[in-house]
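Here the structure comes first, spelled out in structure tokens, and everything after it is commentary.
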Amino acid sequence: MNKIGRCFVSGVLALMLMSSSSNVFASYYTVKSGDTFWKIAGKYNMSTVKLMQANEADESRILYVGDVLYIPDEIYDVYYVKAGDTPWLISKEFNVSLTELLEINNLSEYDYIYIGQKLKIPSENSNLNNVNSEPYITYKTHIVQKGDDYWKLSVEYGVSYQELLDANGATYNSILYIGDEVKIPVHNVPVMQTKGDEYGEYLDWWNGAQYVLPRGATFKVIDFYTGKSFMVKRTTGSNHADCETLTKADTNILKSIWGGFSWTRRPVIIEYNGRRIAASVSGMPHAGNDSAQGGAYTEWRSGEYGAGLNLDYVKNNDMDGVFDVHFLNSTRHKDGLVDSKHQECVKIAAGIK
């Protein structure tokens, strides 16, 4: 086992030893050859995102044979004890009874809790995290800082400008002042069951995929037929995701799959935050100029788009502009219509056809 794997295992074992006196969490899994977070989550019929969060992992985490993962109880949320916490304060914060909190964590009123300890927190909405649950919206509060406006906040939090205005009863002319509270919609998109390990979630663009992959997200694109992959960033796009490769090497891999830049649609799997989503990509960059500032006016844009707003934000990647990534029910920007060829590819990636 490599050094990273050994450190990860030792860290988990230390947590097990520290928790042994109260026997709070007793479910662990040892990674086997071929395992991924997505596959392991499927074994336990739970959310991939929740499994990764419980193990403090992100999309860059590599699993090694012999690693030990903590398997959280899906009917509870996980809370990490902070400095100054007491069971009573935690029970008040999460609006649960102190007796219930102590009981589900095998604690007594005299037990000591330590910084970093994992506690189970009853969740009234835990059923919403199960596979095949419907997407739902919660809200959080943003305190306005100098320079904030509704447009900037919509980009920062990955929600549409109009939705943010509607959530706050605001209009295009509304002014924000430092210290104001802004209600931010949070779109919670549960993991969907897939047709098999090789397929992706068949996520609708409008109420699912656009929130799972917000603007600014960096993720992996895997060609369904060849298995070749490259990294991209979603930089713009409302009807579908407009994306750019991260590096010259990523652009070269894209070109090797399509045989150069091409409008041909191909089924792909998107990997991000432990999730695999069915999608379709056309490998033709357009509407951009790699040598000009992204978002600024430029006299020339690729794909015969002419002068206009430069849709090229990732520089020095040997690509001028963005390419299209489509999902279930996403539409074209030019006419707002569904592209049937893209939808056929999305179905292939989802195992629907």
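Side-chain atoms are counted along with the backbone in the values below, which use heavy atoms only and exclude waters and symmetry mates.
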Could you go through the salt bridge (charged side-chain N to carboxylate O under 4.0 Å, His left out) check for Arg266 and Asp223 one step at a time?
CA-CA 7 Å; Arg266 293 181 67 94; Asp223 182 60; 2.8 Å; yes

Roughly how far, to the nearest 0.5 Å, is the SG atom of Cys243 from the CG atom of Leu311?
12.0 Å

Closer than 3.5 angstrom, by distance alone: can the side chain of Lys228 be matched with the main-chain N or O of Tyr225 as a donor-acceptor pair?
no

Looking only at side chains, do Gln162 and Asp166 share a donor and an acceptor under 3.5 Å apart?
yes

For Leu63 and Asp35, which heavy atoms make the closest approach, and how far apart are they?
CD1-O, 4.3 Å

Classify the side-chain pair Ser280/His342 by whether it contains a donor and acceptor separated by less than 3.5 Å.
yes

I'd like to know if the side chain of Asp242 pairs up with that of Thr236 as donor and acceptor (distance under 3.5 Å, no hydrogens or angles considered).
no

Any ion pair linking Glu201 and Arg275 (charged N to carboxylate O, less than 4.0 Å)?
yes

Flag yes if more than 12 heavy atoms outside Tyr139 fall under 6.0 Å of its OH atom; otherwise flag no.
yes

For atom CD of Glu156, is the number of surrounding heavy atoms from other residues, nucleotides or ligands below 6.0 Å larger than 12?
yes

Go through it in stages, so that I can follow the logic: the residues are Leu51 and Ile40, the test is side-chain contact (heavy atoms from CB on, under 4.5 Å), and I'd like the CA-CA distance, side-chain angles, deciding distance and then a yes or no.
CA-CA 9 Å; Leu51 177 63; Ile40 296 169; 3.9 Å; yes

Does Arg234 use its side chain to pair, donor to acceptor, with the backbone of Gln210 at less than 3.5 Å?
yes

Note, Leu119 side chain near Gln117 side chain (heavy atom, < 4.5 Å)
yes

Hey, could you give me the CG/CG distance between Leu164 and Asp149, rounded to the nearest 0.5 Å?
10.0 Å

Is there side-chain contact between Val232 and Leu254, with at least one heavy-atom pair below 4.5 Å?
no

Donor-acceptor pair between Thr30 and Asp67 side chains, under 3.5 angstrom
no

Test item: Lys195 side-chain N/O and Ile352 main-chain N/O as donor-acceptor pair under 3.5 Å
no

Any donor-acceptor pair under 3.5 Å linking the side chain of Arg301 with the backbone of Asn289?
no

Close side-chain approach of Ile277 and Val212, heavy atoms under 4.5 Å
yes

Measuring centre to centre across the rings, with the benzene-like ring taken for any Trp, is His187 within less than 6.0 Å of Trp206?
no

When clusters are formed by joining ILVMFWY residues with side-chain heavy atoms under 4.5 Å apart, either directly or through shared neighbours, do Phe219 and Met231 land in the same one?
no

State the OG-CG distance between Ser291 and Asp320, to the nearest 0.5 angstrom.
7.0 Å

Transitive ILVMFWY side-chain link Trp263 to Phe327, under 4.5 Å
yes

Closest approach of Trp88 and Ser91, non-hydrogen atoms and distance?
O-OG, 2.6 Å

Report, as yes or no, whether the 6.0 Å neighbourhood of atom NZ on Lys32 holds more than 12 heavy atoms from other residues, nucleotides or ligands.
yes

Got a second to check how far Trp151's CH2 is from Ser154's OG, nearest 0.5 Å?
5.0 Å

Can you find a side-chain donor-acceptor pair between Asp324 and His326 that sits under 3.5 Å?
no

Ring centroids only, cut at 6.0 angstrom: are Phe323 and His286 within range, meaning strictly under it?
no

Specify the closest pair of heavy atoms between Trp205 and Ala241, including all atoms of both residues, with the distance to one decimal.
CH2-N, 3.6 Å

Are Leu89 and Lys92 packed together at the side-chain level, in the sense that at least one heavy-atom pair is separated by less than 4.5 angstrom?
no

Honestly curious: do Ile270 and Ile253 fall in one hydrophobic cluster under the side-chain, below-4.5 Å linking rule?
yes

Given 3.5 Å as the limit, does a donor-acceptor pair link the side chain of Asp335 with the main chain of Leu337, or not?
yes

Heavy-atom pair of closest approach, residues Gly158 and Tyr211:
O-CD2, 3.9 Å

Would you say the side chains of Asn317 and Thr251 form a donor-acceptor pair under 3.5 Å?
no

Backbone of Thr264 reached by a side-chain donor or acceptor of Trp258 within 3.5 Å:
yes

Would Thr245 and Val221 count as a side-chain contact (heavy atoms from CB on, under 4.5 Å) if you check the C-alpha gap in whole Å, the side-chain angles of each, and the deciding distance to 0.1 Å?
CA-CA 10 Å; Thr245 53; Val221 175; over 6 Å; no

Parallel under 30°, tilted from 30 to 60°, perpendicular over 60°: which one fits the rings of His240 and His333?
tilted

Where is the tightest heavy-atom contact between Glu163 and Pro185, given as atom of each residue plus distance?
OE2-CB, 3.7 Å

For Glu198, is there any backbone N or O sitting under 3.5 Å from a side-chain donor or acceptor partner on Arg276?
yes

Rounded to the nearest 0.5 Å, how far does CD1 of Ile143 lie from OG1 of Thr141?
6.5 Å

Judged by modelled atom types alone, do Asn239 and Thr331 share a side-chain donor-acceptor pair under 3.5 Å?
yes

Say you draw a straight line from CD1 of Ile62 to OH of Tyr64; how long is it, rounded to the nearest 0.5 Å?
4.0 Å

Apply side-chain contact (heavy atoms from CB on, under 4.5 Å) to Val268 and Ile222, showing your working.
CA-CA 5 Å; Val268 301; Ile222 305 173; 6.0 Å; no

Can you get from Val325 to Val189 by hopping between Ile, Leu, Val, Met, Phe, Trp and Tyr side chains that sit under 4.5 Å apart?
yes

For the backbone of Leu107 and the side chain of Asn105, can you confirm whether one donor and one acceptor N or O come within less than 3.5 Å of each other?
no

Between the main-chain N or O of Phe230 and the side-chain N or O of Asp250, is there a donor-acceptor pair closer than 3.5 Å?
no

Ile90 and Val96: same hydrophobic cluster, using ILVMFWY side-chain contacts below 4.5 Å?
yes

Residue Lys315 excluded, over 12 heavy atoms near NZ under 6.0 Å:
yes

Between Asn173 and Thr171, is there a side-chain donor-acceptor contact under 3.5 Å, judged purely by atom types and distance?
no

Quick one about Ser238 and Arg215 (side-chain donor to acceptor, distance below 3.5 Å, no hydrogens or angles considered), yes or no?
yes

Any chance you could lay out the side-chain contact (heavy atoms from CB on, under 4.5 Å) test for Lys152 and Val155, step after step, and finish with the verdict?
CA-CA 5 Å; Lys152 289 181 180 178; Val155 174; 5.9 Å; no

I'd like to know whether the aromatic ring centres of His142 and Tyr157 sit less than 6.0 Å apart in this structure.
yes

Residues Asn329 and Asp204: side-chain donor-acceptor under 3.5 angstrom
yes

Is there a side-chain contact between Arg265 and Val281, using heavy atoms and a 4.5 Å cut-off?
no

Side-chain donor or acceptor of Asp290 paired with backbone N/O of Gly288 under 3.5 Å
no

Indicate whether the side chain of Tyr70 and that of Glu56 have a donor and an acceptor atom separated by less than 3.5 Å.
no

Note: Tyr313 and Gly294 closest approach over all heavy atoms is CE2-C, 3.5 Å

Does either side chain, that of Thr235 or that of Glu244, offer a donor lying less than 3.5 Å from an acceptor on the other one?
yes

Taking the six-membered ring of Phe261 (Phe, Tyr or Trp), confirm whether the NZ or CZ of Lys255 is under 6.0 Å from its centre and within 45° of its axis.
yes

